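Here the structure is laid out as structure tokens; the discussion comes afterwards.
Keep in mind it's a predicted model, so treat the numbers as computed, not measured. Values below: all heavy atoms of this structure, side chains included; hydrogens, waters and symmetry mates excluded. Naming: A, B, ... by sequence-line order, numbering from 1 per chain.
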There are 2 protein chains.
Amino acid sequence: MEPDISVISSLIGDRARSRILMALMSGKALTATELACEAEISAQTASNHLSKLVGSNLLVVRKQGRHKYFQLANHQVAETLEMLLNLSSTLGSQKITTGPADPDLKKSRICYDHLAGVTGVALYDALLGQEMISENSQNITLTERGELFFQKKGVAVDELKKGKRPICKSCLDWSERKSHLAGSLGQWILEDALAKQWASRRLDSRVITFSKRGVSQFTRCYQIEPGSFL
Amino acid sequence: MEPDISVISSLIGDRARSRILMALMSGKALTATELACEAEISAQTASNHLSKLVGSNLLVVRKQGRHKYFQLANHQVAETLEMLLNLSSTLGSQKITTGPADPDLKKSRICYDHLAGVTGVALYDALLGQEMISENSQNITLTERGELFFQKKGVAVDELKKGKRPICKSCLDWSERKSHLAGSLGQWILEDALAKQWASRRLDSRVITFSKRGVSQFTRCYQIEPGSFL
DNA sequence: CCTATACTTCGATGGGCAACGAACTGTTTG
DNA sequence: CAAACAGTTCGTTGCCCATCGAAGTATAGG
């Protein structure tokens, strides 16, 4: 028996769900709330849609804390959506009003209490490159070298070790789809940057704004390649 | 400004319409009544669906006397439907118990205008093994050797080269999950086999039936291993 | 003309389902 | 602990649209 394409197609054929899928076409993993916002629907409705999409194996989900990160299940799904995109554009259908994501939000923002966005990912890569942190299968740890480095910066590493919260934790970045640094050390780094006025929080937003001086100090402090920092 | 895939997808995502589209995947032009019968709906309902499909440029229609013949608008539509077929089968939608007609459909069938199923895959593998075609990362091309071979068979390769449509294209086979040959060459091979009466189309179905003589001629012509051909 | 056939239009019906408010579980933070 | 937040479940509402009966238009053949 031939597979029934109407099942999958009708899943894609709902406006809210197609907007969710389009948002995920970037390959990035997004949370349920972000997708609800993207599709301009309530969280309940999004939850319903997302469970359908996961149930039909169009999406996969990864739970992280109280967040759920959704992604396209595989390359084949992305390719099929791409075909539909091409077809839709050649057949000349209407255009969608796509809310352009805030470029500042993409650049650097706060993720609970630590730095995310391009900046956060650059920091993570720099620390990894200098072997301040090491990546095992899933977990990351602060290396001896890293421990010395941060002690010199004034971090009470021993105090952090006593805490229940892990010092280093990798957190999936939704705009970059790469890891950035969470955990108590990630929190410290952001707080430190804010305290030194390298950066400031923008009101009513998750955006973090670095000053010109802040960028140069921050990149020098953690040996971040200037190129990876816009 | 992205095109909105939900419009097209919801058109395909209706059970009756998807059955109509599947029936047209045979490449044949069918009348409204035939399509209504195929989808098991009334003539009025079919008329409604067909006007929508034509209105969105998924189908084209040709009026002939008091009949209207419907066809898929172009290859792109056929290819997109094939992608959806593949996706539906790999996502493991419910497979229904196989009826008697199913083995034939799996064995050889028409995929818009070229050969698919076990036969189509065997042909593809044979051509690849003899280096008539070569597979690059994604695309496939007709080799010099293949060009000579098909010119001897009477294919106007130079003419095909002028066409907008690619000569060789790999098309993922939903039942075999391997590639078979599409493109203008794939079309020629099927037409040639039908013209030489090695095979015939079954009425009201996508099944291609090879005669006993047809199998031996076909396998000899393209050096297909008899074992790969049930 | 008349009849048969092919297809369309109109109107009414009904079912499926997207949407959301309210209330719930589970996680993080202070 | 309480409060804030992420996500879910449930029940209700409303509407879109597939469906078909009935009637209308168009073509073909006597």
If the plane angle is over 60° it's perpendicular, under 30° parallel, otherwise tilted; pick one for B:His180 and B:His114.
-> tilted
What about A:Gln44, does its side chain sit under 3.5 Å from the base of C:dG21 through a donor-acceptor pair?
-> yes
Between A:Ser42 and B:Ala32, who's closer to the 5' end of DNA chain C by nearest nucleotide?
-> B:Ala32
Touch check for B:Ala16, heavy atoms < 4.0 angstrom, all strands: base, sugar-phosphate only, or nothing?
-> sugar-phosphate
Measure from the side-chain heavy atoms of B:Asn48 and tell me the nearest of C:dA22, D:dC20, D:dA18.
-> D:dA18
Whole-Å distance separating the CZ atom of B:Arg62 from the P atom of C:dC7 = 13 Å
On DNA chain C, check which nucleotide each of B:His67 and A:Lys63 is closest to and give me the residue with the more 5' one.
-> B:His67
Among C:dA18, C:dT9, D:dG7, the one nearest B:Ser47 by side-chain distance | C:dT9
How is B:Lys52 classified with respect to the nucleic acid when contacts are heavy atoms under 4.0 Å: base, sugar-phosphate, or nothing?
-> sugar-phosphate
Could you tell me whether B:Thr31 contacts a base, only the sugar-phosphate backbone, or nothing, with contacts defined as non-hydrogen atoms closer than 4.0 Å?
-> sugar-phosphate
Protein-nucleotide distance (A:Arg15, atom CZ; C:dC17, atom C1'), rounded to Å | 17 Å
Name the closest nucleotide to the A:Arg66 side chain, picking from C:dA19, D:dT9, C:dT28.
-> C:dT28
Apply the side-chain contact (heavy atoms from CB on, under 4.5 Å) test between A:Leu115 and each candidate in A:Leu190, A:Leu181, A:Ile189; give the one that qualifies.
-> A:Leu190
Report the nucleotide, chosen from C:dA18, D:dC20, C:dT8, that has the shortest atom-to-atom distance to any side-chain atom of B:Ile41.
-> D:dC20
Between P of D:dT19 and CD of B:Glu40, the distance in whole Å | 11 Å
Using a cut-off of strictly less than 4.0 Å, decide whether B:His49 has a side-chain nitrogen or oxygen near OP1 or OP2 of D:dT19.
-> yes
Given C:dT8, D:dG7, C:dA18, the nucleotide with the shortest approach to the side chain of B:Ala43 | C:dT8
To the nearest Å, how far apart are A:Asp14 CG and D:dC16 C1'?
-> 12 Å
Counting just side-chain N and O atoms, does B:Thr45 come under 4.0 Å of either OP1 or OP2 of D:dT19?
-> no
Could you tell me the separation between the CD atom of A:Glu34 and the C1' atom of D:dC5, rounded to a whole number of Å?
-> 14 Å
Decide if atom CD of B:Gln76 counts as having more than 12 heavy atoms of other residues, nucleotides or ligands within a radius under 6.0 Å.
-> yes
Length of the line joining A:Arg19:CZ and C:dA18:P, which is rounded to integer Å = 16 Å
Kindly say whether A:Thr31 contributes a backbone atom to a donor-acceptor pair with the side chain of A:Glu34 at under 3.5 angstrom?
-> yes
With a 4.5 Å limit on heavy-atom distance, are the side chains of A:Ile208 and A:Thr119 in contact?
-> no
Protein-nucleotide distance (B:Lys68, atom NZ; D:dT27, atom P), rounded to Å = 11 Å
B:Leu11 atom CG is separated from D:dC16 atom C1', nearest whole Å, by 14 Å
Could you tell me how the ring of B:His67 sits relative to the ring of B:Tyr69: parallel (under 30°), tilted (30 to 60°) or perpendicular (over 60°)?
-> tilted
Proximity to the side chain of B:Thr33 - top-ranked nucleotide from C:dC7, C:dA19, D:dG7 = C:dC7
